[in-house]
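Dropping the structure in here first, questions after.
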Amino acid sequence: MAEIVIGGDRLTVRLTAWERMEALHGDVTVPLTAVRSVSVEDQPLTAPYGMRAPGTSVPGVVKAGTWHSSTEGRQFVLANRGRRAVRVDLAEGEVDFDVLVVAVADPEGTAAQVRAAAGL
């Protein structure tokens with residue numbers, strides 16, 4: 001399962017080898033200064049909007065990869081059935097993604113950790 005790791009002034013989404021294959025993407029790293037809000041997403045499979053490119057989507061089971069939307073911008077998603085996720089909204093135009101939605105083992109704890117590190 002993916003991890004959200006805080007190191008210095010950066011937030012890194014660390015993917016497993018399987019998640020790398022599903023998402024067709026490597027780890028994602030952003031500066032903590034780009035974090036605008038953090039929340040827990042109870043239904044992360046419904047979170048991504050727009051077109052997937054690249055990535056994997058099996059309806060109701062898994063969504064992994066990059067979604068592009070005119071309303072949500074560029075979203076990086078790792079979501080699985082039955083798992084809650086952390087949603088991180090990022091400053092527009094500062095980093096490669098506008099939103100990160102990542103299923104993690106402890107969404108509440110991880111969200112609190114990211115908020116504290118980002119000063120929110």
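Heads up: numbering here begins at 1 and tracks the sequence. Predicted model only: the values in this text are computed from it and were never measured.
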Legend entry - Nearest-0.5 Å distance, OG1 of residue T66 to CG of residue L24: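 Output value for this atom pair is 8.5 Å.
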Legend entry - S39 versus R115, closest heavy-atom pair with distance: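 Nearest pair, atom of S39 first, then R115: CA-NH2, 3.9 Å.
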Legend entry - Least distance between heavy atoms, M21 atom then T56 atom: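 In terms of heavy atoms, the two residues are closest at O-OG1, 4.5 Å.
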Inset, instruction - Keeping the roles fixed (side chain from K63, backbone from A79), state whether a donor-acceptor pair exists under 3.5 Å. - result: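 No: the side chain of K63 does not pair with the backbone of A79.
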Legend entry - Shortest non-hydrogen contact from E19 toward A2: OE2-N, 2.9 Å
Legend entry - R14 atom CZ, over 12 foreign heavy atoms within 6.0 Å: no
Inset, instruction - To the nearest 0.5 Å, tell me how far D98 CG sits from E92 CD. - result: 5.5 Å
Legend entry - Shortest non-hydrogen separation from A47 to E41 and the atoms involved: CB-CD, 4.0 Å
Legend entry - Closest non-hydrogen atom pair between R20 and G26, with its separation: NH1-CA, 3.6 Å
Inset, instruction - Could you tell me whether R83 atom CZ has more than 12 heavy atoms of other residues or ligands within 6.0 Å of it? - result: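 No, the 6.0 Å shell around CZ holds no more than 12 heavy atoms from other groups.
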Legend entry - Sidechain N-carboxylate O distance under 4.0 Å for R87, E72: yes
Inset, instruction - For residues P31 and R10, report the shortest heavy-atom separation together with the two atoms involved. - result: CB-NH1, 3.6 Å
Legend entry - Rounded distance [0.5 Å steps], CG in D27 versus CD in E3: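 Spacing of CG (D27) from CD (E3) equals 10.0 Å.
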Inset, instruction - Taking side chain to side chain donor-acceptor pair (under 3.5 Å) as the test, write out the residues that go with Q113, two or more places apart. - result: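 If we apply the side chain to side chain donor-acceptor pair (under 3.5 Å) test to Q113, skipping adjacent residues, there are no hits.
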Legend entry - Gap between atom CD of E108 and atom CZ of R84 - 0.5 Å precision: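 Spacing of CZ (R84) from CD (E108) equals 4.0 Å.
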Legend entry - Other cluster members, I6 - Ile/Leu/Val/Met/Phe/Trp/Tyr, side-chain contacts below 4.5 Å: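 Under the 4.5 Å side-chain rule, I6 groups with I4, L11, V13, L15, V28, V30, L32, V35, V38, F76, L78, V86, V88, L90, V95, F97, L100, V102, V104, V114, L120.
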Inset, instruction - Output the rest of the hydrophobic cluster of M51: all Ile, Leu, Val, Met, Phe, Trp and Tyr residues reachable through side-chain heavy-atom contacts under 4.5 Å, sorted by chain and number. - result: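 When side chains under 4.5 Å apart are linked, M51 ends up in no cluster with other residues.
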Legend entry - Inter-residue atom distance R52.CZ - S69.OG, 0.5 Å rounding: 15.0 Å
